Structure formats: structure tokens, C-alpha cells
Amino acid sequence: MFIRLVPLAGLLAAALLVAPASAQTLYKSITPDGRVVYSDKPPADAVKTEKKQMDTSKQGVVPPSDREKTALKKIQSERKAAESAQDRLRRAEIAVHDAEVAQSMGKEPQANERLGTVSGNQRLTDGYWERQKKLEDAVAKARSNLEKVRAGK
């Protein structure tokens with residue numbers, strides 16, 4: 001068993017040594033059905049083939065120029081402004097939803113918000129109506145805030 005693995009390991013090592021040399025040329029080919037294929041050899045049925053020579057120099061990574069740094073900072077600040085505007089809009093939409101849910105769940109009178117009458121019926125207390133007013137005001141305030149955010153204010 002060990003004897004069979006040695007030639008396989010040698011073959012694998014030889015393939016790894018040859019791979020970097022063949023990886024220096026890249027072909028971008030378009031097949032008859034329109035697919036783009038990248039490979040180290042151009043396909044025979046390719047409609048169009050472009051040969052790309054890979055840069056294997058030892059130059060390494062070049063630091064960005066001042067112009068590139070300025071452009072990158074501008075792009076990052078624009079992206080941050082757009083994201084923060086989207087975040088503000090989303091938070092305002094959630095606030096409207098939460099206020100509407102609280103209002104709909106607050107319709108039911110709480111235990112201390114009913115009073116019995118002489119005739120045996122019940123009526124709602126002023127506390128109930130004050131709570132309803134607060135819930136309505138919260139919804140109106142949330143909707144107003146949402147409209148301000150949408151208007152960009």
C-alpha cells in the first residue's frame with residue numbers, strides 16, 4: 001500500500017510545480033450559447049477568445065494615491081449618509097407601526113377603567129379616555145415624524 005502512494009505523491013508534487021507556470025496566461029472565451037468561460041486553454045468551440053497575460057511581477061501592492069484616497073473618502077461618506085437616511089426612515093416606520101399596534105391593543109378598557117352605574121350598567125372612566133387620547137397623540141406624532149423623515153427634514 002505504501003509503495004502505491006509514493007508515485008502518486010511524486011506525481012502530485014510535479015503537478016503543483018508545473019501549475020504556477022501555466023497559470024500565467026488566462027483565456028476569456030465566449031461560447032456559442034453566450035456563456036463566458038475563463039480557463040488556461042481556449043476552448044475549441046469558442047466564438048470569441050481574449051488572451052490575458054497575468055502580471056507576475058514582484059511589485060506587490062501599491063498604496064493608493066492621494067486622489068484615490070479622496071475619492072474613497074467621498075464614496076464612504078455618501079454611503080454612510082445614504083445608510084443613515086435609510087435607517088432613520090426604517091426607525092420612523094417602525095415607530096408608526098408600534099404606535100398603531102399599541103393603540104389597537106389599548107382599545108380594551110383595563111380593570112380600573114370601568115364604573116358601575118345605579119341602573120346596573122357600566123361606563124368608562126375619564127382615565128380610559130385620557131389613555132386613548134395619549135395613544136392617539138402617540139400615533140399622530142409618529143406619523144408626523146415619519147413624514148418629516150420622508151421629506152428629508
Side-chain angles (χ1 to χ4, degrees), residues 5 7-114 123-153:
L5 292 177
L8 183 60
L11 183 62
L12 182 62
L16 290 174
L17 291 175
V18 175
S22 65
Q24 293 177 354
T25 302
L26 182 69
Y27 293 93
K28 176 184 175 184
S29 305
I30 300 176
T31 60
D33 60 352
R35 289 184 303 133
V36 177
V37 178
Y38 293 91
S39 65
D40 58 345
K41 298 175 191 164
D45 64 340
V47 175
K48 181 179 175 186
T49 300
E50 295 177 27
K51 183 178 180 180
K52 306 270 185 176
Q53 201 65 31
M54 304 304 290
D55 182 15
T56 58
S57 67
K58 302 290 183 193
Q59 180 179 2
V61 177
V62 178
S65 67
D66 290 338
R67 182 175 164 224
E68 291 171 330
K69 288 179 184 177
T70 304
L72 180 61
K73 285 181 183 178
K74 181 182 176 188
I75 291 170
Q76 288 174 336
S77 66
E78 289 172 355
R79 181 180 297 154
K80 189 174 182 179
E83 287 174 354
S84 64
Q86 289 174 350
D87 289 343
R88 284 193 306 272
L89 177 62
R90 184 69 182 134
R91 282 194 302 269
E93 289 171 343
I94 290 171
V96 168
H97 177 264
D98 291 347
E100 289 172 345
V101 168
Q103 183 182 25
S104 68
M105 293 181 73
K107 295 282 184 197
E108 186 66 29
Q110 296 177 354
N112 61 348
E113 294 178 336
R114 291 182 190 261
R123 71 175 182 92
L124 299 172
T125 64
D126 292 338
Y128 172 82
W129 297 111
E130 289 172 10
R131 188 169 58 85
Q132 293 304 310
K133 179 66 175 151
K134 287 179 184 177
L135 292 170
E136 288 174 16
D137 291 345
V139 170
K141 183 178 177 183
R143 286 182 181 157
S144 172
N145 185 39
L146 177 60
E147 291 307 315
K148 286 180 184 176
V149 170
R150 284 183 177 159
K153 295 179 182 178

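Since the structure is predicted, the reported quantities are computational estimates derived from the model, not experimental observations.
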Practice task
Test Glu136 against Arg143 for salt bridge (Lys or Arg N to Asp or Glu O under 4.0 Å), laying out the working first.
Solution key: CA-CA 11 Å; Glu136 288 174 16; Arg143 286 182 181 157; over 6 Å; no
Practice task
Decide side chain to side chain contact (heavy atoms under 4.5 Å, CB included) for Gln86 and Arg90; before the verdict, give the C-alpha distance in whole Å, the side-chain angles of both, and the deciding distance to 0.1 Å.
Solution key: CA-CA 6 Å; Gln86 289 174 350; Arg90 184 69 182 134; over 6 Å; no
Exercise for the section: I would like to know whether Glu83 and Lys80 meet salt bridge (Lys or Arg N to Asp or Glu O under 4.0 Å); could you show each step before the answer? Expected result: CA-CA 5 Å; Glu83 287 174 354; Lys80 189 174 182 179; over 6 Å; no
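Separation of atoms NZ (Lys41) and OG (Ser29) is listed at 13.0 Å; rounding is to 0.5 Å. One finds the CG atom of Leu146 at 6.5 Å from the CG atom of Leu89 (value rounded to the nearest 0.5 Å). Between the CZ atom in Arg79 and the CD1 atom in Ile75 there is a gap of 7.5 Å [rounded to 0.5 Å]. In this structure, NZ in Lys141 is found 13.0 Å from NZ in Lys134, a value given to the nearest 0.5 Å.
The shortest side-chain heavy-atom distance between Lys48 and Lys28 does not fall under the 4.5 Å cut-off. Considering only heavy atoms from C-beta on, Glu108 stays 4.5 Å or farther from Glu113 through its side chain.
Of the possible donor and acceptor atoms, one in the side chain of Arg131 sits under 3.5 Å from a partner among the backbone N and O of Gly106. Checking side-chain atoms of Thr70 against main-chain N and O of Asp66 turns up a donor-acceptor pair under 3.5 Å.
When all heavy atoms of Asn112 and Thr125 are compared, the closest pair comes out as O-CG2, 4.1 Å. In terms of heavy atoms, Val139 sits closest to Glu100 at CG2-N, 3.8 Å. Closest heavy-atom contact between Tyr128 and Leu124: CE2-CD1, 3.3 Å. Looking at every heavy atom in both residues, Glu68 comes nearest to Pro64 through OE1-CA, 3.1 Å. For the pair Leu26 and Tyr38, the tightest heavy-atom approach, listed with the atom from each and the gap, is CD2-CD2, 4.1 Å. Taking every heavy atom of both residues into account, Thr25 and Lys51 meet most closely at CG2-CE, 3.5 Å.
Within 6.0 Å of CG in Asp33 there are more than 12 heavy atoms belonging to other residues, nucleotides or ligands.
The pair Lys133-Asp137 counts as a salt bridge, with a side-chain nitrogen and a carboxylate oxygen less than 4.0 angstrom apart.
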